[in-house]
Every structure is written in C-alpha cells, then in structure tokens.
2 protein chains.
Amino acid sequence: MPVKIAIAEDNSFALRACINKLATEPDFKQVATAFNGDEMLGKLSQHAVDVILMDIMMPVMDGIECTRRVKQQHPQIKVIMLTTFDDDENILNAIMAGASGYLLKEESAEGVVKAVRDTIDGGAPMSAGIASKVLNLLRNPVIPKGHETTENFGLTAREIELLQQLKNGLSYEHIAANLFISPGTVRKHINNIYTKLQVNNKVSALSKASANRLI
Amino acid sequence: MPVKIAIAEDNSFALRACINKLATEPDFKQVATAFNGDEMLGKLSQHAVDVILMDIMMPVMDGIECTRRVKQQHPQIKVIMLTTFDDDENILNAIMAGASGYLLKEESAEGVVKAVRDTIDGGAPMSAGIASKVLNLLRNPVIPKGHETTENFGLTAREIELLQQLKNGLSYEHIAANLFISPGTVRKHINNIYTKLQVNNKVSALSKASANRLI
DNA sequence: AGGTAAATACGCAGAAATGCGTATTTGGTG
DNA sequence: CACCAAATACGCATTTCTGCGTATTTACCT
C-alpha cells in the first residue's frame, strides 16, 4: 500500500528539495502540497493523507499551530516537522502539538525516507541531536511559563563537555583523567568558560549554564 | 579512531548475541564486559570506554543504578540501554539516570551498530516505539516512583540556610558577611553539611540538596 | 598559502576551600 | 539544675581552585 504524503512548505525551493528527497521511493505518493498551514488544513479534507512533512515557519498559519489542528481533526495523520530550528522552544511546542517526528532540513534523502517509514511503523524519528535535546527536556522539567531567553555565550562543544563534568562535583584531576587531557588544560577550559559566562567560580558557572539550558 | 565499547549483561547467551551484533565493524573494539553493574563500574577505571551497552535487569546492581553512577563518575561515557522492557517506568528512569539511548534487544545488528555510531555523534538512538513513548512522557508529565522521595539527611534549618547561600556561588567570606557570622563558622557549617550529605565539595552538596528538594 | 578558532599544555602566585581538631555560648528539655 | 543539640569561633595543614600569562598543534576556511 502506497504511503500518501503531504508537504507544507512556503519556500518553493525547499519544497522542491523535499519532493526530490522522496522521489526515489516508488511506494511514496505525494498527494498534496501547501504553502502554509491554513492551505494544508483545507487540502486534508480533499485527500487521504498518511504523513505530513511540516515546515515550522510559514505565513498565515505556522507549522506548529497547523500540527495542533491536524491532530485535532485527523488524529490518524502523522506529522513530521521539517525545519531549520533546533531550539528547545520549537521542539517542545511541536511535540506538544502532536508531532511524531522532528527533522532538520539538512537531513539526507535517505534520512527523510527512513523517517517516513519509521513514523508509519509507530516510531518517532528525530535528527541526531534533536533526540538528545528531547531527553534533556525530560530530564530538566520545563517551566511552562513564558520562554526565558537562553543564551549561548559562545561556548564551544568542548566547553560544554567540561561543564557537564564539573556539574558532578569532579575535581580538575578527575576530569582530566576522564577526558584524557592534562589538568592544566582542564583549568584553561574552565577559565575560558568563566570569562565567557562572566563568572568566577564553579557554582556560578553551573548555575548560569543550567539557567540557559547549556547543560 | 576505534570505538571502545563495553557491555553489561548478566545473561551469557544474550551477551554473546550482543557481541555478535557488533562483530561486523572493524573499528568497534569491545574492551570490557561485565555480568552486573558493580562489576562494570570496577572495569571502567581500568579501561577507557566510549560507549556502554547496558542491560537493565542484572543482579547485584541493575543497569539503571549503574548508569546513574557511570554518568556521575564518567560523564563523558555514553550509555545505551539494551533491554526487553519498554514500559514507561523503566524508560523514564533510564533517561533520568542519564542514558543516551534506549534499544530493545530485538533490535537488529545494523540497528545496534547504527545506534552506537549515532550516540558517538551526539544523537540519542531509540528503537521505534521507544521514541514515541518518550514523546508521550514529555506530553503527559508523570512523576515516577522514586523521583519524589526526599530525604532530610538531618540537616538543620541553619544548614539549609547555608546551602541557599552557597548555591549562589558566594564565597565563605561573603556568606559570613551576609549572615553576620565568622568565616570560620561558615566553614564549620559547611563541613557539617558535607558530613551529613556524604559529599566533599560544594557542587556535590548542592546537587544532592537540590535532588532532595532541600533548597 | 595565510588566517583563525579551538584544543592542547605549562608555570607562577595568590585565593579559596577542605579535613580535622578543639572550644565556648546559647536555648530548650527532662 | 543538668544535659544536649545547635550555633558560634579559631587554628593548622593540605588540597583545590582561580587569575593571568605564554605557547604549540590541529582543523577549518578563505
């Protein structure tokens, strides 16, 4: 049985790219496209659809609101977000709205194809990195209140790794052993972190990093 | 660079099956195996390990407790649960303990191999079905047993007051000034706190106090 | 090829924290 | 009143952390 797919994407170039990614699969049938959420909702009453690939940022009605309504009116339809945004806010909103999957647009053709099949099979495909953010959302209960501004402070991946070691109360020596670097390097990294976060001790650094969801 | 893998699995048949699933990859190096969590913890100080494939149900120390301790002592090590249980309780507990991935034992060899690589790349691989349960957990917040148990540790009101000062990253001097006591007294209080919480530094104390909702 | 950011590493000086004692004062309780 | 827990305070030795430099190597980008 062919998989009936709809795509909501306002950028025609991105839409074309998306269609191409699915073109290799003979059992995939692209039954509808729309340039915004409202248009997509309208087409759903005209076409049977299994899966929607949904952009988030669209005019008139964005992908998250559209997802919410799709799941309300057609709960059997699976929605996979396909977007460039990987911030907690959008991820959480999309999941809350009922999205089954969350892919970044940089995802490969095979990745998108597999995501569609996974979704049909009851899975919840996510780009690498998205899934781990989802786990972090679970670990650090979100305050449903307004979105606090999270800042990056220009921390590198390695520096965040150092912070994760720090948060367990490990000494520089122990961290150095864990990461196979010298204690002096650990110290250097941490000093850089302090400078970037504008703090001058572990506890403050961890507090600030945590408040900004860096760890 | 080879990927150093450890496996914790009490059933020798399942262990063998797991090893076989990884056998095809020339750059995978199985550096340690253990029949329970305690044994695994011991081996981690002897071998550099990138990823642990962890069974949940094991004697002596189960996989979730082991994961908790591994992430505590070696945060850089990624843990992938490999189990037959797919209930919310176990999934959530594993994630809370710090697991990066969650696979069912029925997972194919390719699936396990890909999961290991995904994890190294910062992803969070989950068997189809697990991921969607995770999303459901996020949508319907539940407080699992064991996450609301708070312990007092015999801390006095004053000691908790000290902890609240500590969590802001203040120095002993500054806290002393805030509370109108001598730095020596601050030190004494904090030493008493450490003894009661069985830790030996600020970060661990704050972490433990926070986990038990003392601050 | 040159420039840049990141990760690695070391040294020195000083500040802060930690471990382990001891001691006094205070407030409440039996 | 006698007792006890809690809060207060200090000292010494040691470990750990922090600030501020410098320097090399690697990877990536132009």
Side-chain angles (χ1 to χ4, degrees), chain A residues 106 129 151-210 214-215, chain B residues 1-2 48 50 72-78 120-122 151-210 214-215:
Chain A
E106 62 203 27
E151 200 175 339
N152 204 30
F153 295 101
L155 290 183
T156 68
R158 189 57 156 174
E159 285 164 351
I160 288 175
E161 207 175 351
L162 267 289
L163 278 170
Q164 285 163 346
Q165 298 267 340
L166 265 191
K167 84 162 174 234
N168 296 313
L170 302 181
S171 70
Y172 290 2
E173 290 286 347
H174 199 160
I175 294 174
N178 274 344
L179 299 183
F180 300 101
I181 57 182
S182 81
T185 303
V186 172
R187 205 186 327 160
K188 185 59 176 171
H189 277 306
I190 290 175
N191 274 355
N192 289 339
I193 290 169
Y194 288 172
T195 302
K196 288 180 180 178
L197 295 184
Q198 299 176 67
V199 298
N200 58 2
N201 62 70
K202 287 180 185 178
V203 175
S204 298
L206 289 170
S207 161
K208 199 157 189 174
S210 184
L214 297 174
I215 52 175
Chain B
M1 194 160 72
D50 296 314
Q72 166 77 32
Q73 293 167 33
H74 312 276
Q76 79 283 6
I77 297 179
K78 307 282 189 178
I120 298 287
D121 293 339
E151 197 175 341
N152 208 26
F153 294 103
L155 290 183
T156 68
R158 187 59 156 174
E159 285 163 351
I160 288 175
E161 208 175 348
L162 266 289
L163 278 170
Q164 284 164 346
Q165 296 271 336
L166 266 190
K167 82 161 174 235
N168 298 317
L170 303 182
S171 70
Y172 290 2
E173 292 284 349
H174 207 308
I175 294 174
N178 277 344
L179 300 182
F180 300 102
I181 56 181
S182 82
T185 303
V186 172
R187 205 188 324 160
K188 186 57 175 171
H189 277 306
I190 290 176
N191 272 352
N192 289 339
I193 291 170
Y194 289 173
T195 302
K196 288 180 180 177
L197 294 184
Q198 298 177 65
V199 299
N200 58 4
N201 62 69
K202 285 182 187 178
V203 175
S204 298
L206 289 169
S207 160
K208 199 155 189 174
S210 182
L214 297 175
I215 52 176

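Lettering of chains follows the sequences in order, A, B, ..., and the numbering in each one begins at 1. These numbers come from the heavy atoms of this one structure, side chains and all, not from hydrogens, waters or symmetry mates.
Counting non-hydrogen atoms under 4.0 angstrom, A:Y194 reaches the backbone sugars and phosphates but no base. B:T185 comes within contact range of at least one nucleobase, with a heavy-atom separation under 4.0 Å. Backbone-only engagement by A:T156 is indicated by non-hydrogen atom pairs under 4.0 Å involving sugar-phosphate atoms exclusively.
Listed nucleotides D:dC10, C:dT18, C:dA7 differ in distance to A:R158; the shortest reach to its side chain belongs to C:dA7. Proximity note for B:K202 (side chain, C-beta onward) versus C:dA7, C:dT18, C:dC12: the nearest is C:dT18. With C:dA16, D:dA7, C:dT8 as the candidates, the nucleotide lying closest to the side chain of B:S171 is C:dA16.
Look at NE2 on A:H174: it is 17 Å from C1' on D:dC17, rounded to the nearest Å. Taking atom CZ of A:F180 as the reference point, atom P of C:dA9 lies 12 Å away to the nearest angstrom. Atom CG of A:N191 is separated from atom P of C:dC10 by 16 Å (rounded to the nearest Å). The nearest whole Å value for the distance from the CG atom in B:N200 to the P atom in C:dA17 is 15 Å. C:dA7 atom C1' lies 14 Å from atom CD1 of A:I190, rounded to whole Å. Taking atom CD1 on B:I175 and atom P on C:dT18, their separation rounds to 10 Å, with Å as the unit. When the P atom of C:dA5 is taken as reference, atom NZ of A:K188 falls 15 Å away, rounded to whole Å. Put simply, CG on B:N201 is 11 Å from P on D:dT18, counting in whole angstrom units.
Panel note: side chain A:Y194, backbone A:K202; a donor-acceptor pair is recorded below 3.5 Å.
In this structure, A:K196 and A:E159 have side chains that are in contact, with non-hydrogen atoms separated by less than 4.5 Å. Taking 4.5 Å as the limit, some side-chain heavy atom of A:L163 sits within range of a side-chain heavy atom of A:L155. Looking at heavy atoms from C-beta onward, A:H189 lies out of side-chain contact with A:I175 at the 4.5 angstrom threshold.
With rounding to the nearest 0.5 Å, the separation of CD in B:Q72 from CG in A:N168 is 4.5 Å.
Close to C:dT18, at under 4.0 Å from its OP1 or OP2, lies a side-chain N or O of B:Y172.
With DNA chain D read from its 5' end, the first of the two nearest nucleotides for B:P183 and B:E159 is the one closest to B:E159.
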